[in-house]
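Here's the structure we're looking at; comments come further down.
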Amino acid sequence: MRIGKLQELRARGINPYQPTRFDVTASSSDLHSSYERWEGQSVRIAGRVMAIRTHGRAMFVDLADEGGKIQCHLREDIVGPEQFALTEYLDLGDILGVEGTVFKTRRGEVTVEVHEFQYLSKSLMDLPDKRHGLTNVDLRYRQRYLDLLVNPEVRRVFDVRSRTIGFIRQFLAERRFMEVETPVLLPLAGGTEARPFATHHNALDMTLYLRIALELHLKRLIVGGFDRVYEIGRVFRNEGISTKHNPEFTMLELYQAYTDYHGIMRLVEDLLSGLVQYLQGSADLEYQGQVLHFTPPFDQVDMVERLFEKTGVRWEDIRSGEDAHQFARDLGIAVDARFDRAQVLDKIVGQVVEPDLVQPTFLWHHPVDISPLAKRDPAYPQLTERFELFVAGRELANAFSELNDPLDQRERFLAQQEQRREGNDEVPPLDEDFLNALEHGMPPTGGLGVGIDRLVMLLTNSPSIKDVILFPTMRPLGSADDL
RNA sequence: GGGCCAUUAGCUCAGUUGGUUAGAGCAUCCGCCUUUUAAGCGGAGUGUCGAAGGUUCGAGUCCUUCAUGGCCCA
């Protein structure tokens with residue numbers, strides 16, 4: 001701690017925490033990108049001290065601002081002995097405002113010859129090592145501010161994340177989609193299968209659940225006459241933490257009336273190819289050593305057909321849970337003994353079909369028993385008009401022609417309630433209000449869900465979801481009871 | 001939930017078959033230095049070796065439990 005230096009400064013009448021503003025006239029990147037315009041000009045720059053190189057009666061100080069770094073030169077004969085004496089208390093990490101003229105050193109470095117400087121804040125703690133940065137992953141996630149300060153590539157990841165979401169909003173606005181906000185706190189959490197987080201509302205004295213999907217409320221809005229709606233929002237699933245899972249993550253869901261899953265496929269192709277082009281300047285993206293081509297049309301793979309090609313077994317020939325578990329054993333795939341037929345088959349597809357889907361590929365025609373909210377294919381009623389987009393072997397998006405038959409929907413929900421009674425606590429309770437909405441008539445609609453975190457992982461070549469979430473969920477240090 | 005690995009100075013890391021007072025670089029502190037930039041030169045201090053217990057004459061090192069994280073599997 002540098003309390004001593006702070007006290008010395010205060011003893012000299014300088015409180016580094018007192019300044020309330022500092023009017024900046026240029027950024028470091030301005031000076032670097034158009035030096036000719038700034039040469040000899042007076043500028044005001046502010047930033048964090050990242051390096052100090054003293055030279056007796058002069059010194060170099062590197063200031064970091066949001067766009068990069070700028071070197072500053074302080075000479076005792078220019079700033080004056082009183083100001084220069086204050087550099088005695090300067091530390092790495094301090095925030096400084098300087099005013100001076102722009103020049104180049106004999107080595108060609110763009111530099112500000114400081115005429116005056118001002119402490120704008122004092123750092124009482126040491127910065128991590130300037131050469132190695134901060135590599136301890138635990139500290140990087142727990143103290144992300146330090147990670148961002150000393151590891152510039154981390155800034156780039158979150159810049160891409162921000163621009164990705166900005167691009168999506170603009171893309172959808174151009175297609176006349178309306179952005180909406182639906183509730184996070186709900187008396188029941190539905191729209192997919194996952195364990196929800198539960199909390200308690202004191203005034204109503206009731207349990208409320210954090211949403212696990214956006215689907216059922218957005219479809220209510222389609223019933224209400226908003227024909228193109230979307231939400232980019234946080235959803236919460238009470239599951240384990242891994243490189244691919246964070247308990248809270250960000251989903252895009254959109255619904256478009258009077259189109260089907262083919263229309264959504266085209267939209268996904270346009271959105272992703274446009275996004276990659278926008279961020280990369282090309283349709284190719286490198287992820288973990290593989291080059292991915294985002295040029296439409298994307299490949300298409302029929303799920304049931306591909307399973308048959310891979311295993312010689314047809315989905316519909318597996319008629320019972322016992323058959324399914326035997327099928328899994330034959331393939332040498334370990335599955336939870338409590339899984340029912342559909343869950344086992346889903347797991348098998350995940351093992352034998354999905355890993356091959358490296359280039360952007362629509363895996364489509366999911367069986368109805370794993371697609372409770374998707375419309376049946378009229379030609380194959382046991383299959384649905386559904387697709388998942390896979391990239392690099394991972395699910396990136398999920399879409400279907402939305403089931404709008406309230407009677408079929410009720411039957412499927414009732415079948416789910418059987419599983420719920422059998423102890424599957426990932427199955428949501430029956431949402432009677434949603435059924436009531438469907439009973440008033442929902443137009444034919446195409447819907448899409450995209451995992452934004454996984455998308456950003458792809459776009460930033462990040463192997464872990466924690467790398468694309470600023471503050472990932474971590475177990476607190478020490479006992480949780482101490483907090 | 002299971003397996004493997006990691007945890008040593010503010011940061012990044014060494015530390016031999018158990019053996020004297022636990023080391024290096026950066027950062028920090030003191031001195032010098034007016035175009036350096038991994039600045040340089042001279043000097044100094046770094047510490048609950050993740051925590052607790054155990055084995056031993058002796059533990060950073062071996063054993064047990066726990067904590068946190070990583071990787072793989074479920």
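Reminder, nothing fancy here: chain letters follow the sequence lines and each chain counts from 1. All of these numbers come straight from a predicted model, not from anything done at the bench.
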Can you tell me which stems involve RNA chain B, if a stem is defined as three or more consecutive Watson-Crick or G-U wobble pairs, both distances under 3.5 Å? B:1-7 with B:67-73, B:10-13 with B:23-26, B:28-32 with B:40-44, B:50-54 with B:62-66

For a quick check, tell me whether the side chain of A:D129 and the base of B:G25 share a donor-acceptor pair closer than 3.5 Å. yes

Kindly say whether, by distance alone, the side chain of A:T135 makes a donor-acceptor pair under 3.5 Å with the base of B:U12? no

A:E153, CD atom: more than 12 neighbouring heavy atoms under 6.0 Å: yes

Could you tell me whether A:R314 atom CZ has more than 12 heavy atoms of other residues or ligands within 6.0 Å of it? yes

When you check every protein heavy atom under 4.0 Å of nucleotides 3-8 of chain B, what one-letter string (B, S, -) results, 5' to 3'? ------

What's the [atom1]-[atom2] distance between [X] and [N], to the nearest Å?
X: A:D147; N: B:C11; atom1: CG; atom2: P; value: 14 Å
X: A:F103; N: B:U34; atom1: CZ; atom2: C1'; value: 11 Å
X: A:D91; N: B:G10; atom1: CG; atom2: C1'; value: 13 Å
X: A:H245; N: B:C73; atom1: NE2; atom2: C1'; value: 14 Å
X: A:D94; N: B:U28; atom1: CG; atom2: C1'; value: 14 Å
X: A:I333; N: B:C73; atom1: CD1; atom2: P; value: 14 Å
X: A:R106; N: B:U37; atom1: CZ; atom2: P; value: 11 Å
X: A:D126; N: B:C11; atom1: CG; atom2: P; value: 9 Å

Take atom [atom1] in [N] and the same atom in [M], then report the distance between them in whole Å.
N: B:G47; M: B:U12; atom1: C1'; value: 16 Å
N: B:A67; M: B:A52; atom1: C1'; value: 11 Å
N: B:G45; M: B:G10; atom1: C1'; value: 14 Å
N: B:A59; M: B:C49; atom1: C1'; value: 11 Å
N: B:U61; M: B:G54; atom1: P; value: 14 Å
N: B:A14; M: B:A24; atom1: C1'; value: 7 Å
N: B:C57; M: B:A44; atom1: C1'; value: 36 Å
N: B:A6; M: B:C63; atom1: P; value: 11 Å

Which ring pair (Phe, Tyr, Trp, His ring centres under 6.0 Å) pairs, counting each pair once, include a residue from [range], with sequence neighbours left out?
range: residues 78-133 of chain A; result: none
range: residues 333-363 of chain A; result: A:F298-A:F362, A:F362-A:F387
range: residues 33-68 of chain A; result: A:H55-A:F60, A:F60-A:H73

Can you pull out every salt bridge (Lys or Arg N to Asp or Glu O under 4.0 Å) where at least one residue sits in residues 452-461 of chain A? Sequence neighbours excluded, please.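 Residue pairs passing salt bridge (Lys or Arg N to Asp or Glu O under 4.0 Å), neighbours aside: A:R161-A:D453.
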
Among pairs that include at least one residue of residues 25-46 of chain A, which meet salt bridge (Lys or Arg N to Asp or Glu O under 4.0 Å), considering only residues two or more places apart or in two chains? A:R44-A:E99

Of all of residues 62-90 of chain A, which get a heavy atom below 4.0 angstrom from RNA chain B, listed by number?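 By residue number: A:Q71, A:R75, A:D77.
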
Stretch residues 24-53 of chain A: residues that reach within less than 4.0 Å of RNA chain B through a heavy atom: A:R53

Does a side-chain N or O from A:R107 land closer than 4.0 Å to OP1 or OP2 of B:U35, or not?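 Negative; the distance criterion is not met.
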
What I want to check is whether the side chains of [X] and [Y] have a donor and an acceptor closer together than 3.5 Å.
X: A:Y380; Y: A:Q382; result: no
X: A:S29; Y: A:H32; result: no
X: A:N238; Y: A:Y209; result: no
X: A:Q359; Y: A:D299; result: no
X: A:Q409; Y: A:R412; result: no
X: A:H366; Y: A:E388; result: yes
X: A:Q280; Y: A:D284; result: no
X: A:R394; Y: A:Y287; result: yes

5'-most contact on RNA chain B: A:H55 or A:E109, nearest heavy atom basis? A:H55

Return whichever of A:D336 or A:L139 has its heavy-atom-nearest nucleotide of RNA chain B closer to the 5' end. A:L139

Rounded distance (nearest 0.5 Å) linking atom CG of A:N151 with atom CZ of A:R144: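 So the gap between those two atoms works out to 9.5 Å.
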
In Å and rounded to the nearest 0.5 Å, what is the CE to CG distance from A:M50 to A:L63?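 Going from the CE atom of A:M50 to the CG atom of A:L63 covers 10.5 Å.
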
Just by modelled atom types, is the A:D91 backbone N or O under 3.5 Å from a matching donor or acceptor in the A:D94 side chain? yes

Checking the side chain of A:Q18 only, and the main-chain atoms of A:L120 only, is there a donor and an acceptor separated by less than 3.5 Å?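 Not a single qualifying donor-acceptor pair exists.
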
Using the 3.5 Å cut-off, write out each protein N or O paired with an N or O of nucleotides 69-72 of chain B and the distance between them.
residue, atom, partner, partner atom, Å
B:G69, OP1, A:R475, N, 3.2
B:G70, OP1, A:K466, NZ, 3.3

Considering only nitrogen or oxygen atoms on both sides, find all protein atoms under 3.5 Å from nucleotides 41-45 of chain B and state each distance.
none

Closest listed nucleotide, where the reference is the side chain of A:K5 and the choices are B:C29, B:U28, B:U12: B:C29

Under 4.0 Å, counting only non-hydrogen atoms across every strand here, what does A:G133 touch: a base, just sugar-phosphate, or nothing?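 Since only primed, P, OP1 and OP2 atoms lie under 4.0 Å of A:G133, the category is sugar-phosphate.
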
Who pairs with A:T111 by side chain to side chain donor-acceptor pair (under 3.5 Å), at least two apart in sequence or on another chain?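 Applying side chain to side chain donor-acceptor pair (under 3.5 Å) to A:T111 gives A:Q71.
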
For a side-chain contact (heavy atoms from CB on, under 4.5 Å) check, start with the C-alpha distance between A:E116 and A:V98, then their side-chain angles and the critical distance, and finish with the verdict. CA-CA 6 Å; A:E116 271 186 68; A:V98 307; over 6 Å; no

